[in-house]
Structures are given as C-alpha cells and as structure tokens.
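A, B, ... follow the sequence lines: proteins, then strands. Residue 1 opens every chain. Everything quoted here is computed from the prediction, not taken from an experiment. In what follows, every heavy atom counts, from backbone to side chain, and hydrogens, waters and symmetry copies are set aside.
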Number of protein chains: 2
Amino acid sequence: MSDSLTERSRQILEAIIEDYIKTAEPVGSRSVTRRHGLSLSPATVRNVMSDLEELGFLASPHTSAGRVPTDKAFRFYVDSLLQVRAIDEEQRDEIRRHYRGQGRDVGEILKETSRILSSISHYIGIVVAPRFTANVFRQIEFVKLCGRRILAILVSESGVVQNRIVEANEEIPAEDLVRMSNYLNNLLQGLTISEVKTMIFREMESDRVRYDELMSRALKLSEQTLDEPDAEVFIEGQVNILEQPEFADVGRMKEIFRAFEEKGQLITLLDRCMDAERVNIFIGAENFLHRMTHMSVITAPYVSGRNTLGVLGVIGPTRMGYDRVIPIVDYTARMLSEILGNG
Amino acid sequence: MSDSLTERSRQILEAIIEDYIKTAEPVGSRSVTRRHGLSLSPATVRNVMSDLEELGFLASPHTSAGRVPTDKAFRFYVDSLLQVRAIDEEQRDEIRRHYRGQGRDVGEILKETSRILSSISHYIGIVVAPRFTANVFRQIEFVKLCGRRILAILVSESGVVQNRIVEANEEIPAEDLVRMSNYLNNLLQGLTISEVKTMIFREMESDRVRYDELMSRALKLSEQTLDEPDAEVFIEGQVNILEQPEFADVGRMKEIFRAFEEKGQLITLLDRCMDAERVNIFIGAENFLHRMTHMSVITAPYVSGRNTLGVLGVIGPTRMGYDRVIPIVDYTARMLSEILGNG
DNA sequence: GTTAGCACTCGATGAGACCGAGTGCTAACT
DNA sequence: AGTTAGCACTCGGTCTCATCGAGTGCTAAC
C-alpha cells in the first residue's frame, strides 16, 4: 500500500499532514504549493490529492473545502514518514527539574508525572499506577484502630503502598497483630503479589495453620487486604484540549470529558500497552473508545528492572505534534523508571 | 433590609427565583402570574419587580428580557425564604447503598464520597482529605527499600495514611529501623501532629538524644516524613456542569475548568469552612474565586468525635436547587463522619 | 392601589446577497 | 504522457435586513 505511493505523493501527503497539524483546518491545493517549495502547480497537486483521497488517505468535509488527513494517513505518517527527533534539550531539562522536588509519596510522584506530561506536551497527561499484582511483596503491617477495626498496610518492593481498613471478627490485641505481621512477612518474603495469593490459599489449607488461630486469622486479614482495588489513574491537563480548535464544539467536548470520567475504559486501553517494548501509538478510532474520536494516544511502559510497573502517556487530538510528543513520552517513561526503579 | 420587603414582594421574589432555578432563563412578569396562583396582573408584578431591581435583588440583562435574580437575591432566598427539607428517603438510601462496599482504603472512601455527592446532586462533588496536622498521631513505620531509601509510613488515629520515600545519609539496618520506630511510637503516642512537630524539635535539642545517633537519626527521618504535602482534594462530576444551559458558552466553560485545575484556591476556600458548625453556603461572587462566577458552593465539615477532619461539598451553578442539595451535603457529611469516626 | 392599553426595546430567527477558498474538468502546452 | 492554465461550479461563512415576540415602562382609567 505504501509502495503504491510515488515519492511525490508522499511529499505532498506529508505536507498536507504537517499543515493540518499546524492549522487544524482543511488543506487546499494552493497552500501546499505555497508553503512548501515544491515546484508544482496547484492543479497538479489537486490531481495527486484526488488520488490520495481515492486511496483513503484524505477526506473532504465538503466539496469546496480543502482536504483533511484520515486516521489512515496519520498511521502512515507515524509509521513511515515521521522522523522522531531526539528530545529537545530544554524539555529534557524541564522534565528533570520537575522531578527534583524529591522524597515524596509514590502517588505524588505519579501525579506529578502526569502533570509533567501534560504541561510539556500541552495535551493531556495520563499515568496508570502500578498494579499490585505485578509487584513483589515487601512487607505487611497491621495498625490497630479502635475496636475491631484494623488498618492493613501493604508495601511492595518498589515502594508502592496500599492501605485499607479491615474489620476483624473480634478485637485483636496489639501484640498479636505484631506477631501476625511477622509471621506473614516471613512467609511471603520475595514473592510477587499473585504468588502471594496462591501461597495464602495453600497455607490456609495446611494442617499447621488450620489449628493455629493466630495464623489463620492473619491469613484471613491479609486476604482481605490483597484483593485489588481498581487501578488508580492520574489524568492531568484536561483543560488543554479546550484550547484545541477542533473541540470548540460543545457537543464534542462533552463526549471527551465523559470519556475521561469512565476511567475503566481508559485503563483497559492502556493496559494493552503494558507489554509493549517502548512507545506505542493509537490513532483516532484505533483506540476503540467510541467517545474518543479525533483523539490519539501515545503510551510508554515504565519499568523496574525487568518488571513492567505501569503505563503512562499523552492523549491529544489526532492531529497532534507526534514528532514532539513521542520523545517526551519516551523520556518521561525512562525517568520515572529510574526514579521508581530500585535495581 | 429584608424587613423592607412586603409579604407580597417576598412571594414574587421567591416565585422568580424558583422559576429561574428551573429554567435558567430571565423571568418575565407574565410567567410569574401564570405559574403561581397569585391573583395579580402582570402590570402589578412589573411594578414590584421594578422595586426589587431598585433594591438589588433583580437584574435585567437588557431592556426587553425578563429579570434574573442577583447573588443578593439568592443569599436572601437561602437565608430567609428557603425551607430546607429533610433529605429525600430515596436519596438517603442511595447514599447508604454507595457506602456499603466496605473495607476499603480511606482515600477510596473519600473519592467515593465525592462521587456520591456528584451523582446524587447532579452537580460537582468535592471532598478535601483530612489534614494531617489536625490529626492525632497513631503510629510510624519505616520500611527499608533498596540502599539508603526508606519508605516512611505515618498513620493517624482515624486511619489516614501518609507515606513517602526518604533518603537517609547512609544505609540503616532493618533492625535499627524497627528500634527507631518503636522509639518514636512511644515518644509521640497520643499527640496531635502539630504537637508532634514541636515535640520532635524539642527532643532533638535534648542532651539525651544529641549523643544517641539512632535516636537523632530517627527524629530526622520523622521530620522529613511530617512536612505536609498539599492537601488532597477529590473532585468528581465536572461533566455535570456541561449539562447546565448557562455554561453552553465555551469561554465560560474554559474558565470553570481552569478554576478546577487550580486546586489550591479551592482548598483555601473550603478550609475556611472547617470551623463551621454545619452547612455553609457561598453564593456566586461570595466565594472569591474570580473564575467561579455563576457558581455556588455548599459545604459541610466532617468530623471524628470533636475533631474536624475535613470539608466536603457540592459546587453547582448559582441557580442550583438549594433545597434539594443542602440536605444531601448535610447527610453525606454525617455519614462520612460516622464511617471515619472511631469513637 | 390595581389594571388595561400601548408604544417601545432588543435579542433571536431566517432569508437573501455576496465573498472567497477550493474543487473538477477540459483543453492547451512541453 | 505528464503538467498546467483557465473556468464554471460548490458551498460554508459572513453580513445585512426584515420580521417576530417576549418583555418593559408609562399613562390613564378603574
């Protein structure tokens, strides 16, 4: 398919796409010749554009408007035409600067990351927090609140904390809680959370535990602690899309904001990129969120050692500046990996 | 000032306000007579309306439109005319139902609370998480991550958890960390966080500690842990205001969304309600957020025992259904207090 | 004090004219 | 055969103008 394009067609397509990225408006044959030093007449360009429309790379909103690149065109652009630049030095420094304010809550770091992504890309930053299941267990602690209520705190190798209040059947003395957490910490050391789950299940069945009330109670509590809440996701900079001319229309905007309220769908989408090597791009309808028409998503996983922790990315209009944003996403993912990674 | 209004003027003002709340459109003299069984002619009503405008209760967008209640009118309405109903049974049940999914992370509960507020009021729900400073210290734990990095976990009496990664000057053995937390837990038991801060300061100066490296290190770590991050705030249902006809205008909408990005200002506003007895209302410009014109805020504090933990509320257009929303905010605050309160 | 009548205001709506960017086609040019 | 100039045509955007109707304020009568 891309072979069927002559060199000249490519050049013109690229010119149109780049124009469209700049202006958000249908591109006419004149502007192509004007803005790019191609020594061709508008009429010739028109012929080529007509062919490109035939091939599905361009669409015309109506007869007398210019033409607009389709999702297919952007896909081609990203795959074949785009030269990903190295990250801008200034931007790199800005990212580093944001991360400087050190020593905070992991959640804070993730939130800051999505703020960074949004403020530097001028689009929407998104970070999916690490799933517990993918993590390695480090420690569990029980803190007694009043009565039968216990605060369980679960810490993973990478320093992610999950805490929840559980209610025991009866009041448990503080010393017992310490013994319980010692027992569990020993038992579960070094396992991934999913291994932890099976381990707890197996241990509960074992004779040794079945008749030891303390242990079995400990296991029950930890079980309650483990069942995973919905993945947390940090989204920042939603206002930025209000600046985009193509969303001046109120109806379209509503759709977008609504899409962001359904975080579940977003998470599903980003989860699909967990195993990607590096940067991953969904263009327009490719993202399968019907509400997110005219939007593209650029993602990259962040890791700790060999372990993929989560995914981050930027959501912007389909006509976003891919060449600028891709390196930002890539670099930010690396920085975050470095900061969270402890190996 | 309210005395200067005759009974009839009041009735008419109320009718206008209620009409405006329903329709979001300027109210004319005819609609007042039509919709309300007042046996008065439009002409009479017009005279009264003219007086009300003189007094600053009404404003006319232009000569031939109807009239719109001013902030002052809404203030008067809320203070003097409004009969706050008891909460609707159905809504009460719905709130309870939302809270049923128990045993979660405190943060989760707060987020759910703001979701509840938004979905039941159909406006925007907002919850400011408890400040640490106002809380009573319960426990501190140190978890060793790799190298010199330590995860410090701070738990308050009410089960709120604050965690952050701190970096020590040198590697500290795990046993020492346990001893350090034991020392601190003993020292700080039962103090409020602000007392904790002074205590740490005093203790650091004491001779006993100055030459005990372990203790002084412990104090240093806890100091790092304590300095408070920005208060967390949960905002849900921002899309809901897109439904409000008065925000169909894109410019106005941008302003609102931008206001929500500056969470600091919102927090300042809500903080002012921390000491309020019960429900507190800011109407229109009263909230002092210049971006939030045409918006009102209804807040209520949530407590644990005598201790005010934080504030929650609903943000909606100035012409919101106060009679419906006030009991929702009030009831939700009570429920949340009950859930978090442990005494 | 209340009401009917009336002239007046002013935004909203819709029709018509016009403009201009852009297209597609044809015929001429290299 | 590919390229270009010329030209008729399309169609959204904008401007103007007339019209409509909800609503007002004023005056005079009840």
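Atom C1' of nucleotide dG24(C) and atom CG of Asp51(A) are separated by 13 Å, given to the nearest angstrom. The CG-C1' distance, from Asp19(A) to dA21(C), rounds to 14 Å in whole Å. What separates CZ of Arg30(A) from P of dT23(C) is a distance of 11 Å, to the nearest Å. Computed from coordinates, the Ile16(A) CD1 to dG22(C) P distance equals 12 Å when rounded to whole Å. Here dG25(D) presents its P atom at 12 Å from CG of Leu52(B), a figure rounded to the nearest Å. The distance from atom CZ of Arg46(B) to atom C1' of dT27(D) is 12 Å, rounded to the nearest whole Å. The interatomic distance linking Arg34(B) (CZ) with dA22(D) (P) rounds to 9 Å, in whole Å.
With respect to the salt-bridge test (charged N to carboxylate O, under 4.0 angstrom), the residues Arg8(B) and Glu14(B) do not qualify. With salt bridges taken as basic N to acidic carboxylate O contacts below 4.0 Å, one links Arg75(A) and Glu286(A). The pair Asp88(A)-Arg92(A) does not meet the salt-bridge criterion, since no charged nitrogen lies less than 4.0 angstrom from a carboxylate oxygen. Ion pair Glu246(B)/Arg319(B) flagged as a salt bridge, since at least one NZ, NE, NH1 or NH2 atom sits closer than 4.0 Å to an Asp/Glu carboxylate oxygen. Ion pairing of Glu243(B) with Arg258(A) is present here, as a side-chain N (NZ or NE/NH1/NH2) and a carboxylate O approach within less than 4.0 Å.
Side-chain atoms of Ser114(B) do not come within 3.5 Å of backbone N or O of Ile126(B) as any donor-acceptor pair.
Ser50(A) comes within contact range of no nucleotide atom at all, as no heavy-atom separation falls under 4.0 Å.
One distance of note links CD1 of Ile256(B) with CD1 of Ile241(B); it measures 4.5 Å at 0.5 Å rounding.
For the helix from dG1(C)-dC30(D) to dT30(C)-dA1(D), the end axes, each set by the C1' atoms of five terminal pairs, are bent relative to each other by 20° (nearest 10°).
Comparing dT3(D), dG24(C), dT23(C) by their closest approach to the side chain of Glu53(A) singles out dG24(C). When distances run from any side-chain atom of Asn47(B) to the nucleotides dT3(C), dA5(D), dT23(C), the shortest one goes to dT3(C). Between dT3(D), dG22(C), dT24(D), one nucleotide has an atom nearer to the side chain of Ser31(A) than all others, and that is dG22(C).
For dT2(C), one of the phosphate oxygens OP1 or OP2 lies less than 4.0 angstrom from a side-chain nitrogen or oxygen of Arg8(B).
Residues from residues 58-67 of chain B lying near DNA chain C, meaning a heavy-atom separation below 4.0 Å, are His62(B), Thr63(B), Ser64(B) in numerical order.
Summarising the geometry of Leu117(A) relative to Gly313(A), their closest heavy-atom pair is CD1-O, 3.4 Å, with the distance given to 0.1 Å.
Relative orientation of the Phe257(B) and Phe257(A) rings is parallel, given thresholds of 30° and 60° on the angle between their planes.
Along DNA chain C, the nucleotide nearest Leu40(B) and the nucleotide nearest Pro26(A) are compared for position; the residue whose nucleotide lies closer to the 5' end is Leu40(B).
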